[in-house]
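Below is one structure, written out as structure tokens, with a few remarks after it.
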Amino acid sequence: MKILLCFGTRPEAIKMAPLYHALCQSALQQSQSELVEDKKSRFVVKVCVTAQHREMLDQVLDFFEMVPDYDLDVMQPNQTLNELSAQILSKMDTVFNDAKPDLVLVHGDTTTSTMVALAAFHKGIKVGHVEAGLRTYNKNSPFPEELNRQLTSRIADFHFAPTLKARQNLLAEGVKDTAIVITGNTVIDALFLTLRKIEAGYLLSLKDGLINKIDFSKKVILVTGHRRESFGTGFENLCKAILEIAKNKEVEIVYPVHLNPNVQKTVFAKLSGVANIHLIDPLDYPTFVWLMSKSSLIISDSGGIQEEAPSFNIPVLVTRETTERDEGIAAGHSFLVGTDPKKIVNITNKLLYSKRSLEQEPNPYGDGKACEKIVQFIKETFG
Ligand code: UD1
Ligand code: UDP
């Protein structure tokens, strides 16, 4: 049973890393067990990265100790979606011809996941979709991710839905009940794994640099952003809001700036040179997790961060018009604010000075056991 995990961007790598390790662990147990005599049902696990991201992907590969068997190295500066899609489609044939997988696992809603799923379908290879069923039903928000995830759902044979809502979306679209498993989001598995590593003494090489730069006795606001539908006015408005918030000298704003040139251009032009706004390079995952744990508030359009933050009981202002992650909003963890500067500033001020319950609620996105459930399903289905 040959399984090929394919991914290409930072968040996909973070969310597939624990699954890769769980599958490898299962393969190891099979090889030591007398029970799995049929060699065909033993797992052989391989990884293909498209490298839609390069530096931001490599940071994750390093930390989670994943060495790709195939690396398509497709990233080009400021690549267009069509160039990127064409490159991935054309390069996957060689990978499939060599790896001959029985099952390809893709993740979420990126160009990598949809193009790899389509390429696998063209070769008659079964596709499992991790983080399936998230929907806004607005194909321009998030763009192009909403269409990507809907297309991948039409292609996939197996759907690993993180939440009940995601499962209901898939059922309503006619996906068979037996092809859907509710697993929780694998990002929580990745987060727990990382926290365990940090507790066990993993050296956060970037931590000292941050401690020297940032006054952690103040309220730290962590900012990230990269969504294409916010390029231009959306990002300019976000910057206006950040400048306004920074007038409060009780706060320190830390902003690891995404490497997309469309983001870098606006953010550095508008926010450089303010003493309590720290524009820094993207952080490696464990340092980012540590920084989240030290923050009072997060302002972000990231999907992964909306899912992780409830584990730290930190509120997230979601700078988007729509979200497919309603569970966090319903539970009072996140707040959909769009990119209107006034709204961002008002809600920031309100949340910074309101008391949050000390009681830690369960994270609505997962309990850290998603990968276990996915591995179990694959074993039962292919065993
Ligand atoms: C992509 C995904 C998005 C995901 C996001 C996570 C698509 C269409 N978009 O958006 O769904 O939420 O990643 O971050 O699949 N770049 C670098 N180095 C890197 C990464 C990016 O220089 O390590 C620059 C390059 O100039 C690249 C550009 O960023 O061309 C855009 O990268 P791309 O993957 O197309 O889009 P993202 O905005 O990163
Ligand atoms: N992240 C990181 N370093 C950073 C910023 C974010 O490791 O400097 C992690 C974050 O914890 C989350 C993921 O990257 O798990 C989110 O990635 P991104 O916002 O790029 O994509 P999205 O989740 O929106 O698809």
Side-chain angles (χ1 to χ4, degrees), residues 7-18 49-64 73-85 87-88 106-116 131 134 142-149 152 185-191 193-195 204 206 210 222-231 235 254-265 279-293 295 298-309 311-312 314 316 318-320 323-325 365:
F7 47 86
T9 64
R10 168 174 68 190
E12 292 167 272
I14 293 170
K15 291 169 167 184
M16 290 293 249
V49 295
T50 61
Q52 175 177 335
H53 285 175
R54 187 72 273 173
E55 303 90 319
M56 285 160 57
L57 171 75
D58 292 344
Q59 284 180 321
V60 182
L61 295 175
D62 257 20
F63 173 67
F64 285 105
D73 204 19
V74 300
M75 199 200 84
Q76 296 294 330
N78 216 359
Q79 60 209 343
T80 72
L81 295 176
N82 287 333
E83 283 164 350
L84 173 63
S85 305
Q87 277 216 66
I88 298 170
V106 296
H107 183 279
D109 52 20
T110 65
T111 298
T112 287
S113 49
T114 306
M115 287 306 117
V116 169
E131 198 183 88
L134 274 63
F143 172 87
E145 290 84 1
E146 176 63 17
L147 192 65
N148 280 346
R149 49 170 93 110
T152 305
N185 199 301
T186 59
V187 79
I188 308 302
D189 301 35
L191 180 65
L193 206 150
T194 303
L195 289 171
L204 299 168
L206 303 171
L210 293 175
L222 180 57
V223 181
T224 81
H226 66 82
R227 303 245 79 100
R228 276 168 202 259
E229 64 275 14
S230 298
F231 291 169
F235 267 94
V254 190
Y255 187 165
V257 189
H258 194 285
L259 295 182
N260 192 321
N262 297 294
V263 177
Q264 296 247 324
K265 202 173 48 196
L279 303 179
I280 59 174
D281 287 338
L283 291 168
D284 60 37
Y285 187 59
T287 312
F288 189 79
V289 165
W290 172 81
L291 184 58
M292 271 198 286
S293 75
S295 304
I298 302 177
I299 301 178
S300 175
D301 59 18
S302 160
I305 294 171
Q306 284 176 67
E307 292 153 351
E308 291 160 339
S311 287
F312 298 106
I314 300 167
V316 183
V318 182
T319 48
R320 291 178 42 186
T323 182
E324 53 289 299
R325 290 162 170 95
Y365 295 107

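As the structure lists them, so they are numbered: ligands from 1, and atoms in each ligand from 1. Bear in mind that the values here come from a model prediction, so they are computed numbers and not experimental data.
Using a 4.5 Å heavy-atom threshold, the side chains of Phe288 and Thr194 count as separate. Annotation: side chain of Met56 is not in contact with side chain of Thr9 (no heavy-atom distance under 4.5 Å). Side chains of Phe7 and Val49 form a contact here, defined as non-hydrogen atoms less than 4.5 Å apart. Side-chain atoms of Met75 and Leu57, non-hydrogen and from C-beta on, never get closer than 4.5 Å to each other.
In terms of protein heavy atoms, atom 22 (O) of ligand 1 is closest to Met75 CE, 3.5 Å. Ranking protein heavy atoms by distance to atom 24 (C) of ligand 1, first place goes to Leu259 O, 3.5 Å. At the top of the distance list for atom 32 (O) of ligand 1, counting protein heavy atoms only, stands Gln79 NE2, 3.7 Å. The protein heavy atom nearest to atom 4 (C) of ligand 1 is His226 CE1, 3.7 Å. With hydrogens left out, the protein atom closest to atom 39 (O) of ligand 1 is His53 NE2, 2.6 Å, a heavy atom. With respect to atom 38 (O) of ligand 1, the closest heavy atom belonging to the protein is Asn260 ND2, 2.9 Å. Nearest to atom 33 (P) of ligand 1 among the protein's heavy atoms is Arg228 NH2, 3.5 Å. Closest protein heavy atom to atom 19 (C) of ligand 1: Glu55 OE1, 3.4 Å.
Atoms of ligand 1 lying under 4.0 Å from any heavy atom of Gln52, numbered from 1 in the order shown and given with element: 1 (C), 2 (C), 7 (C), 9 (N), 15 (O), 33 (P), 34 (O). Atoms of ligand 1 lying under 4.0 Å from at least one heavy atom of Arg227, given by number and element, are 11 (O), 12 (O). Heavy-atom contacts of Asn78 reach the following atoms of ligand 1: 25 (C), 26 (O), 27 (C), 30 (O) (cutoff under 4.0 Å). Near Leu81, the atoms of ligand 1 lying under 4.0 angstrom from a non-hydrogen atom of the residue are 8 (C). Less than 4.0 angstrom separates some heavy atom of Gln76 from each of these atoms of ligand 1: 25 (C), 26 (O), 27 (C), 30 (O).
Contact annotation: for Thr112 versus ligand 1, there are no heavy atoms closer than 4.0 Å. At a heavy-atom distance under 4.0 Å, only side-chain atoms of Pro144, from C-beta outward, approach ligand 1. Contact annotation for Glu145 and ligand 1: only side-chain heavy atoms (C-beta onward) come within less than 4.0 Å of the ligand. In Pro11, the part holding a heavy atom less than 4.0 Å from any atom of ligand 1 is the side chain.
One N or O on the side chain of Asp284 and one on the backbone of Thr287 form a donor-acceptor pair closer than 3.5 Å. Remark: side-chain polar atoms of Glu145 are not paired, donor with acceptor, to backbone N or O of Asp109 under 3.5 angstrom. With Thr186 contributing its side chain and Asp189 its backbone, the two residues share no donor-acceptor pair below 3.5 Å. Looking only at distances, a side-chain donor or acceptor of Asp301 sits under 3.5 Å from a matching main-chain atom of His226. When atom types are taken as modelled, the side chain of Ser295 and the backbone of Leu291 share a donor-acceptor pair closer than 3.5 angstrom. Side chain of Thr224 to main chain of Ser300: no donor-acceptor pair is present (N/O by atom type, distance under 3.5 Å, no hydrogens or angles). No donor-acceptor pair under 3.5 Å is formed between the side chain of Glu307 and the backbone N or O of Tyr365. In this structure, the side chain of His107 does not engage the main chain of Glu12 through any donor-acceptor pair within 3.5 Å.
The shortest N or O to N or O distance between Asn148 and ligand 1 is not under 3.5 Å. Polar contact with ligand 1: absent for Arg10 (N/O pair, distance under 3.5 Å). Some N or O of Thr111 is nearer than 3.5 Å to an N or O of ligand 1, by distance alone. Between Met56 and ligand 1, at least one N/O pair is under 3.5 Å apart. Below 3.5 Å of separation, one finds an N or O of Arg54 facing an N or O of ligand 1. Here's the thing with Thr9: none of its N/O atoms is less than 3.5 angstrom from an N/O atom of ligand 1.
When only modelled atom types and interatomic distance are considered, Thr112 and Thr50 share a side-chain donor-acceptor pair under 3.5 Å. Thr111 and Gln52 share no donor-acceptor pair across their side chains, judged by distance under 3.5 Å alone. Under 3.5 Å, the side chains of Gln306 and Thr323 contain a donor-acceptor pair of N or O atoms.
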N/O to N/O under 3.5 Å, ligand 2 against protein:
residue: ligand 2; atom: 3 (N); partner: Arg10; partner atom: NH1; Å: 3.4
residue: ligand 2; atom: 3 (N); partner: Leu283; partner atom: O; Å: 2.8
residue: ligand 2; atom: 8 (O); partner: Leu283; partner atom: N; Å: 2.8
residue: ligand 2; atom: 11 (O); partner: Glu308; partner atom: OE1; Å: 2.8
residue: ligand 2; atom: 11 (O); partner: Glu308; partner atom: OE2; Å: 3.3
residue: ligand 2; atom: 14 (O); partner: Arg10; partner atom: NE; Å: 3.4
residue: ligand 2; atom: 15 (O); partner: Glu308; partner atom: OE1; Å: 3.4
residue: ligand 2; atom: 15 (O); partner: Glu308; partner atom: OE2; Å: 2.6
residue: ligand 2; atom: 19 (O); partner: Ser302; partner atom: OG; Å: 3.0
residue: ligand 2; atom: 20 (O); partner: Arg10; partner atom: NE; Å: 3.4
residue: ligand 2; atom: 20 (O); partner: Arg10; partner atom: NH2; Å: 2.8
residue: ligand 2; atom: 21 (O); partner: His226; partner atom: NE2; Å: 3.4
residue: ligand 2; atom: 23 (O); partner: Ser302; partner atom: OG; Å: 3.2
residue: ligand 2; atom: 23 (O); partner: Gly303; partner atom: N; Å: 3.4
residue: ligand 2; atom: 23 (O); partner: Gly304; partner atom: N; Å: 2.8
residue: ligand 2; atom: 24 (O); partner: His226; partner atom: NE2; Å: 2.9
residue: ligand 2; atom: 24 (O); partner: Arg227; partner atom: NH1; Å: 3.3
residue: ligand 2; atom: 24 (O); partner: Gly303; partner atom: N; Å: 2.9

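Annotation for Leu222 and Pro256: closest pair CD1-CD, 3.9 Å, computed over non-hydrogen atoms.
Using a 4.0 Å cut-off between a side-chain N of Lys or Arg and a carboxylate O of Asp or Glu, Glu146 and Arg227 do not qualify as a salt bridge.
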